[in-house]
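In what follows, a single structure is set out as structure tokens and then discussed.
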Amino acid sequence: MINKTLFLTYFYLFIYILLSSGVILYNKWVLSPKYFNFPLPITLTMIHMGFSGAVAFLLIRVFKVVSPVKMTFEIYATSVVPISAFFASSLWFGNTAYLHISVAFIQMLKALMPVATFIMAVMCGTDKARCDVFLNMLLVSVGVVVSSYGEIHFNIVGTLYQVTGIFAEALRLVLTQVLLQKKGLTLNPITSLYYIAPCSFVFLSVPWYLLEKPVMEVSQIQFNFWIFFSNAICALALNFSIFLVIGRTGAVTIRVAGVLKDWILIALSTVIFPESTITGLNIIGYAIALCGVVMYNYIKVKDVRASQLPVESLPDRIAKDWKFEKSSDIFVPDNTSDNEGSVGGNGSAADRIIDEEAPLVPSSRLSHIGRTQLTGK
């Protein structure tokens, strides 16, 4: 008989891969002029933010599923607002890229996420420049360049949008560590949505008013309530599936699932969207980039292992390893750790698992395989 715990673990992984791939393909279908033809990425993202914020409000204030954190005006103004601004920017630019480039190529570009996060972490002083990590980042960058060179339908505008969105998300990750974690603020996916989604909605309303509102006034844009409602539901469900997966699996399992999801998504996108064509050079470049990411993850895991005290007894060591592998999605700031990224709560931004469709899952202490959005991307 199959172990129930093991069955649930693989079931949650299956749901995670299904939802993450589904949200990406769904967003592409909605935004693409060749299909549903709703070429308004900011509007779509605002729908996601509004819906997620409303659900979080109901869960916290009405049904009291979780309790709100003690949020002062000073913390909100100096931490939540700038984080929300970069979060909104990453969603805006990332979704806009769907109008110009294929899903497969977008997934290949997302291999740059560790590079962007490492650069931002070094610039903000939360990580140190290291030769071995730099060489891995260089390998990832070379792979992405090769993949881009092999792209048949290469579009410079779409590529710039996607890369800009990746760097905006990387800066958001670093700011989350610097601004929120240092102040001892503990957020889970629901409280993250509660505080950040409404603020992001407000930020998005500015470019929406300037760029998309005039288009909506002069163009006949079709709006189907059930399509947008189901799209928002899927994006919200993805957040909670990641929360469940992180609680049941370890770092290695999450990384393998993320890589598997990326390959499945690239293959599915070429079937669902026939205009997407993958070349041999695309695959070679992406494989090179993944090699760099895998080596980067190996270095991070080795650093974590090295940070454990060698004098620990075997039972204590096993207990700590188990705790690390089963770490919760809610971070607990560790006042004894610095910015180097230990097993405790202050792991560096580059060490967190982030799904490109659910970036509000805040701070697991797991290594990052790529940009692996709540909603918007």
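Excluded from the calculations below are hydrogen atoms, water molecules and symmetry mates; all remaining heavy atoms, backbone and side chain alike, are included.
Taking 4.5 Å as the limit, some side-chain heavy atom of Tyr26 sits within range of a side-chain heavy atom of Ser230. A heavy-atom distance below 4.5 Å is not found between the side chains of Met123 and Val174. Counting only heavy atoms from C-beta outward, the side chains of Tyr296 and Val140 never approach each other to under 4.5 Å. Contact of the Ser79 side chain with the Leu185 side chain is not registered, since no non-hydrogen atoms from C-beta on lie closer than 4.5 Å. Lys261 is listed as a side-chain neighbour of Tyr16, based on a closest heavy-atom distance under 4.5 Å. Residues Lys302 and Asp132 fail the side-chain proximity criterion, which asks for heavy atoms closer than 4.5 Å. Taking the side chain as every heavy atom from C-beta outward, Tyr194 and Val69 never approach each other to under 4.5 Å.
The line from OG of Ser141 to CD1 of Ile119 is 7.0 Å long, rounded to the nearest 0.5 Å. In this structure, OG in Ser20 is found 8.0 Å from CG in Asp262, a value given to the nearest 0.5 Å. Note that CG of Leu44 and CE of Met49 are 10.0 Å apart. Values are rounded to the nearest 0.5 Å. Annotation: the span from Ile278 atom CD1 to Thr270 atom OG1 amounts to 5.0 Å, rounded to 0.5 Å. Atoms CD1 and CD, on Ile221 and Glu212 in that order, are 9.0 Å from each other to the nearest 0.5 Å. Here Glu169 contributes atom CD and Thr164 contributes atom OG1; the two are 13.5 Å apart, rounded to the nearest 0.5 Å.
The number of heavy atoms from other shown groups lying within 6.0 Å of OH (Tyr298) does not exceed 12. Residue Tyr10 qualifies as open at atom OH: its count of foreign heavy atoms under 6.0 Å is 12 or below. Atom CZ of Phe14 sits in a sparse spot, with 12 or fewer heavy atoms from other residues, nucleotides or ligands closer than 6.0 Å. Atom CE of Met295 has 12 or fewer heavy atoms from other residues, nucleotides or ligands within 6.0 Å. More than 12 heavy atoms of other residues, nucleotides or ligands shown are found within 6.0 angstrom of CZ on Phe225.
Ile233 and Ile227 fall within the same hydrophobic cluster, where Ile, Leu, Val, Met, Phe, Trp and Tyr residues are linked whenever their side-chain heavy atoms come under 4.5 Å apart, directly or through other members. Hydrophobic clustering places Tyr195 together with Leu236 (ILVMFWY residues linked when any side-chain heavy atoms are closer than 4.5 Å, directly or through intermediates). Criterion: ILVMFWY side-chain heavy atoms under 4.5 Å apart, direct or through other members. Under it, Val157 and Leu99 are part of a common hydrophobic cluster. Under a hydrophobic clustering in which Ile, Leu, Val, Met, Phe, Trp and Tyr are joined whenever their side-chain heavy atoms come within less than 4.5 Å, directly or via other members, Phe229 and Phe201 fall into the same cluster. When the side chains of ILVMFWY residues are joined at heavy-atom separations under 4.5 Å, either directly or via intervening members, Phe86 and Ile75 end up in a single hydrophobic cluster.
The minimum heavy-atom distance between Ala88 and Leu204, with the atom names listed, is O-CD2, 3.6 Å. Across Ile24 and Lys110, no two heavy atoms sit closer than the pair CD1-NZ, 4.3 Å. Here the closest non-hydrogen pair linking Asn282 and Thr277 is OD1-O, 3.9 Å. The two atoms that bring Ser89 and Ala168 nearest to each other are CB-CB, 4.2 Å, heavy atoms only. The minimum heavy-atom distance linking Ser67 with Thr191 is given by the pair O-CG2, 3.8 Å. The minimum heavy-atom distance between Val293 and Pro114, with the atom names listed, is CG2-CG, 4.2 Å.
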Pair Phe118-Asn136, side-chain contact (heavy atoms from CB on, under 4.5 Å): steps then yes or no
CA-CA 11 Å; Phe118 176 71; Asn136 287 335; over 6 Å; no
Please assess Leu175 against Met120 for the test side-chain contact (heavy atoms from CB on, under 4.5 Å), listing each intermediate value before the final yes or no.
CA-CA 9 Å; Leu175 287 178; Met120 292 301 176; over 6 Å; no
The test is side-chain hydrogen bond (donor to acceptor under 3.5 Å, both in side chains); show your working for Thr78 and Lys183 and say whether it passes.
CA-CA 11 Å; Thr78 60; Lys183 296 180 180 181; 2.8 Å; yes
Determine, stepwise, if the pair Leu193 / Val55 fulfils side-chain contact (heavy atoms from CB on, under 4.5 Å).
CA-CA 9 Å; Leu193 291 171; Val55 171; over 6 Å; no
side-chain contact (heavy atoms from CB on, under 4.5 Å) for His48 and Asn231? Distances and angles first, verdict last.
CA-CA 8 Å; His48 291 161; Asn231 183 259; 2.3 Å; yes
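Put simply, the side chain of Ser21 never gets that close to the backbone of Leu265: no donor and acceptor are under 3.5 Å apart. Within the 3.5 Å criterion, the main-chain N or O of Leu238 finds a donor-acceptor partner in the side chain of Ser241. A donor-acceptor distance shorter than 3.5 angstrom exists from the side chain of Ser205 to the backbone of Val202, with no hydrogens or angles considered. Side chain of Ser148 to backbone of Val144: a donor-acceptor contact under 3.5 angstrom is found. Under a 3.5 Å cut-off, the side chain of Gln107 and the backbone N or O of Trp263 do not form any donor-acceptor pair.
In summary, the aromatic rings of Trp92 and Phe203 are positioned with their centroids too far apart to meet the 6.0 Å limit. Taking the six-membered ring for Trp and the full ring otherwise, the centers of Phe228 and Phe38 sit less than 6.0 Å from each other.
Each of Tyr35, Tyr98, Trp29 was scored for a ring pair (Phe, Tyr, Trp, His ring centres under 6.0 Å) with Phe273, with one residue passing: Tyr35.
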